[in-house]
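Here is the structure we will look at, set down as structure tokens.
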Number of protein chains: 2
Amino acid sequence: MSKDLKEMEVLRQHLAKHQLKLTRQRELILTAFLRQEHVTAEVMYHQLAKKDPHLGLATIYRTLNLFCEAGMAQARHFGSQTQYDNISHKGHHDHLICTGCGTIVEFENCEIERLQEEVATKNGFVIQTHRLELYGLCSRCRH
Amino acid sequence: MSKDLKEMEVLRQHLAKHQLKLTRQRELILTAFLRQEHVTAEVMYHQLAKKDPHLGLATIYRTLNLFCEAGMAQARHFGSQTQYDNISHKGHHDHLICTGCGTIVEFENCEIERLQEEVATKNGFVIQTHRLELYGLCSRCRH
DNA sequence: TATCATCTTGAGACGGTTTATCAATTTCAA
DNA sequence: TTGAAATTGATAAACCGTCTCAAGATGATA
């Protein structure tokens, strides 16, 4: 829970800095968002319908985009939908995605990260964020 | 031009193998496609409207997807649109994207590719393709 | 080269996802 | 507590990419 509180503070500061307001909906969505790795707006909409049947889909989209602006989430276009990943309290993780069954395995590799920095520096860039996705077949789908 | 011919041959073979036909439109789209790095269907639609005002947008989508199936292109969801990258005669390249001005710099790093394979193997995956994007500020935008 | 089964095309309809609109409501600084 | 400003929910609208289908093109075969 301390993690949730920490994130709530990040949100609070972002809101303050931009003259935005902390609403019941934003708190609710953040709490639910922190409990999972990858969500779509649609999925959250159904999840949260139980807690607040009047929460609108547009509000979820708006709020998830807000989280992205606050640096707490990252949008990823996958298939026809946009997935929102929690990049706040854990280091950025990358994805191994099975093109057969859609399974997503997360991984982290410091060595790759180091090489990325190297490439960026060589090209005069300063990295803000990155995205690495490996697409392939998992062992089950290969048979 | 020899490159174009080589690619045309790749297409021809793919078509033959799948009982598909080589049409004027497919040739036209391939030629234009090979001249650039990243395109969206929409962009090609406008480019080609000059050469063939009756070329339909659906045909461009279909053809670009065909190129993907033939292993000559790779689709990438970028922002709200799909970009098609030419991966045929050059090795797979990754992207360094400036969040300030939108500049895209391409790079290739064998060491990173090797580590990717390593990660995949460790998780029982066989990689088909991958995507690595580094987002940051280029030297000009930092000032 | 003529035939014709099959594939492809263009135009627009369509479906799913995300954003825009706007009146009503909520937030929060004073 | 008040009121300016931001936010919300409901829904309309925009957007992208695919599907449909009649008309046309292709190319294997004779």
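Each chain gets a letter, A, B and so on, in the order the sequences are listed, and its residues count up from 1.
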Legend entry - Between B:Thr129 and B:Gln74: side-chain donor-acceptor atoms closer than 3.5 Å: yes
Inset, instruction - Would you grab the first and last nucleotide of DNA chain D (5' to 3') that comes under 4.0 Å of any non-hydrogen atom in chain B? - result: D:dC16 to D:dG27
Inset, instruction - First locate atom CD of B:Glu42, then atom OG1 of B:Thr82, and finally report the distance between them rounded to the nearest 0.5 Å. - result: 11.5 Å
Inset, instruction - Just call it for A:Thr82: base, sugar-phosphate, or nothing, with non-hydrogen atoms closer than 4.0 Å on any strand. - result: sugar-phosphate
Inset, instruction - Rounded to the nearest angstrom, tell me the gap between atom CG in A:Asn65 and atom P in C:dT17. - result: 16 Å
Inset, instruction - Mind grabbing the angle between the end helix axes of the helix from C:dT1-D:dA30 to C:dA30-D:dT1? Five pairs an end, 10° rounding. - result: 40°
Legend entry - Quiz item: A:Lys21 side-chain donor-acceptor pair to C:dT26 base, under 3.5 Å: no
Legend entry - Where protein sits on nucleotides 9-16 of chain C, one letter per nucleotide: B base, S sugar-phosphate only, - none, heavy atoms under 4.0 Å: BBBB----
Legend entry - CG on B:Leu57 to CG on B:Leu48, rounded to 0.5 Å: 11.0 Å
Inset, instruction - Check side-chain contact (heavy atoms from CB on, under 4.5 Å) between B:Glu133 and all other residues, then give those that pass, not counting sequence neighbours. - result: A:Arg131, B:Arg76, B:His95, B:Ile97, B:Arg131, B:Tyr135
Legend entry - Pairwise distance CG(B:Asp85) to SG(B:Cys68) - rounded to 0.5 angstrom: 9.0 Å
Inset, instruction - State whether A:Glu9 and A:Arg12 are salt-bridged, where the test is any N-O pair (Lys NZ or Arg NE/NH1/NH2 against Asp/Glu carboxylate O) under 4.0 Å. - result: yes
Legend entry - Partners passing side-chain contact (heavy atoms from CB on, under 4.5 Å) against B:Arg142 (at least two apart in sequence or in another chain): A:Val126, B:Leu137, B:Ser139
Inset, instruction - Could you tell me whether the phosphate oxygens of C:dT18, OP1 or OP2, come under 4.0 Å of any side-chain nitrogen or oxygen in A:Tyr61? - result: yes
Inset, instruction - For the residue pair B:His38 and B:Glu106, confirm or rule out a side-chain donor-acceptor distance under 3.5 Å. - result: yes
Legend entry - Residue closer to the 5' end of DNA chain D, B:Leu22 versus B:Ala41 (nearest nucleotide): B:Ala41
Inset, instruction - Please figure out whether A:Gln83 or A:Leu20 has its closest DNA chain C nucleotide nearer the 5' end. - result: A:Gln83
Inset, instruction - Return each pair, listed once, that meets salt bridge (charged side-chain N to carboxylate O under 4.0 Å, His left out) where at least one residue sits in residues 64-75 of chain B; pairs must be two or more places apart or across chains. - result: none
Inset, instruction - Keeping the roles fixed (side chain from A:Thr59, backbone from A:Leu55), state whether a donor-acceptor pair exists under 3.5 Å. - result: no
Inset, instruction - Check every strand shown and say whether A:Glu42 touches a base, only sugar-phosphate, or nothing at a heavy-atom separation below 4.0 Å. - result: nothing
Inset, instruction - Indicate, with yes or no, if the rings of A:Phe67 and A:Phe33 have centres closer together than 6.0 Å. - result: yes
